[in-house]
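If you're wondering where the values come from, they're calculated on a predicted model, not measured in any experiment.
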Amino acid sequence: MNLERLPNEEKLTLCRKYYLGGFAFLPFLWLVNVVWFFREAFVKPAYTEQLQIKTYVKRSGLGLLLWVTVLTTWITIFQHFRAEWGAVGDYLSFTIPLGIP
């Protein structure tokens, strides 16, 4: 999608949709929002909708960082302690690794 062709009001609407979509457990939308709208928010000359776009981009980046931190922490804990959790660890596993941990 070429953001240059969109009017500023539609850019704001699209940025807001991606921001709100990230709350539906879709943090990838926050990544897309940050990548697509970073230049619009921080590099382009000022226009009326830019302040709101900047807010959505900052919040999307913060939400993405939070998701990555939580997911990385969970993966690390799960990989480290899965064998010690016994049956609970097996129930949480999609595939059960063979062998001795």
Side-chain angles (χ1 to χ4, degrees):
M1 171 179 271
N2 188 359
L3 291 177
E4 298 294 327
R5 295 181 179 182
L6 289 177
N8 293 335
E9 296 83 21
E10 288 187 37
K11 290 177 191 176
L12 177 60
T13 302
L14 185 61
C15 185
R16 185 175 193 277
K17 285 180 183 177
Y18 280 115
Y19 170 69
L20 294 175
F23 286 106
F25 298 106
L26 300 169
F28 181 72
L29 290 179
W30 284 332
L31 174 65
V32 170
N33 204 19
V34 169
V35 170
W36 275 7
F37 288 101
F38 184 83
R39 205 174 302 137
E40 288 291 328
F42 299 105
V43 177
K44 298 275 182 170
Y47 53 92
T48 55
E49 292 85 1
Q50 188 179 30
L51 185 61
Q52 288 176 306
I53 290 175
K54 192 180 291 189
T55 302
Y56 289 137
V57 170
K58 286 179 183 177
R59 290 179 181 174
S60 294
L62 185 64
L64 179 64
L65 183 64
L66 178 70
W67 262 98
V68 168
T69 303
V70 168
L71 193 59
T72 302
T73 303
W74 167 246
I75 290 170
T76 304
I77 290 171
F78 183 76
Q79 291 294 323
H80 191 263
F81 293 109
R82 186 204 62 81
E84 295 175 19
W85 292 343
V88 174
D90 290 342
Y91 288 132
L92 292 174
S93 296
F94 184 70
T95 57
I96 299 172
L98 301 176
I100 300 172

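- Note that CZ of Phe81 and OG1 of Thr76 are 10.5 Å apart. Values are rounded to the nearest 0.5 Å.
- Between Leu64 atom CG and Leu29 atom CG the span is 10.5 Å, to the nearest 0.5 Å.
- A chain of hydrophobic side-chain contacts below 4.5 Å, direct or via other Ile, Leu, Val, Met, Phe, Trp or Tyr residues, connects Ile53 to Val35.
- Taking the six-membered ring for Trp and the full ring otherwise, Tyr18 and Trp36 have centroids separated by under 6.0 Å.
- Residues Leu14 and Phe23 share a hydrophobic cluster, clusters being chains of Ile/Leu/Val/Met/Phe/Trp/Tyr side chains in contact below 4.5 Å.
- Interatomic distance, CG of Asn8 versus CD of Gln52, reported as 11.5 Å (0.5 Å rounding).
- Summarising the geometry of Phe78 relative to Ser93, their closest heavy-atom pair is CZ-OG, 3.5 Å, with the distance given to 0.1 Å.
- For the pair Val57 and Cys15, the tightest heavy-atom approach, listed with the atom from each and the gap, is CG2-SG, 4.3 Å.
- Side-chain rings of Trp67 and Phe28 stay apart, their centers remaining 6.0 Å or farther from each other.
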For this session: Check the pair Glu4 / Lys11 against salt bridge (Lys or Arg N to Asp or Glu O under 4.0 Å), numbers first and verdict last.
Result: CA-CA 9 Å; Glu4 298 294 327; Lys11 290 177 191 176; 5.4 Å; no

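- Residue Trp74 is grouped with residue Val88 when hydrophobic side chains (ILVMFWY) are merged at heavy-atom distances under 4.5 angstrom, including chains of intermediate members.
- In the hydrophobic cluster analysis, where Ile, Leu, Val, Met, Phe, Trp and Tyr join through side-chain heavy atoms closer than 4.5 angstrom, Phe42 is grouped together with Leu6.
- Using a 4.5 Å heavy-atom cutoff, the side chains of Phe37 and Leu3 are in contact.
- Note that the OH atom of Tyr19 and the CZ atom of Arg59 stand 4.5 Å from one another [nearest 0.5 Å].
- Side-chain contact check for Glu40 versus Gln50: every heavy-atom pair is 4.5 Å or farther apart.
- The NZ atom of Lys58 sits 14.0 Å away from atom CG of Asn33, with the distance rounded to the nearest 0.5 Å.
- Rounding to the nearest 0.5 angstrom, the gap separating the CG atom in Leu65 from the OG atom in Ser60 is 12.5 Å.
- Under the 4.5 Å side-chain heavy-atom criterion for grouping Ile, Leu, Val, Met, Phe, Trp and Tyr, Phe25 is connected to Val68 within one hydrophobic cluster.
- Residues Leu62 and Trp30 form no side-chain contact, since every pair of their non-hydrogen atoms from C-beta on lies 4.5 Å or further apart.
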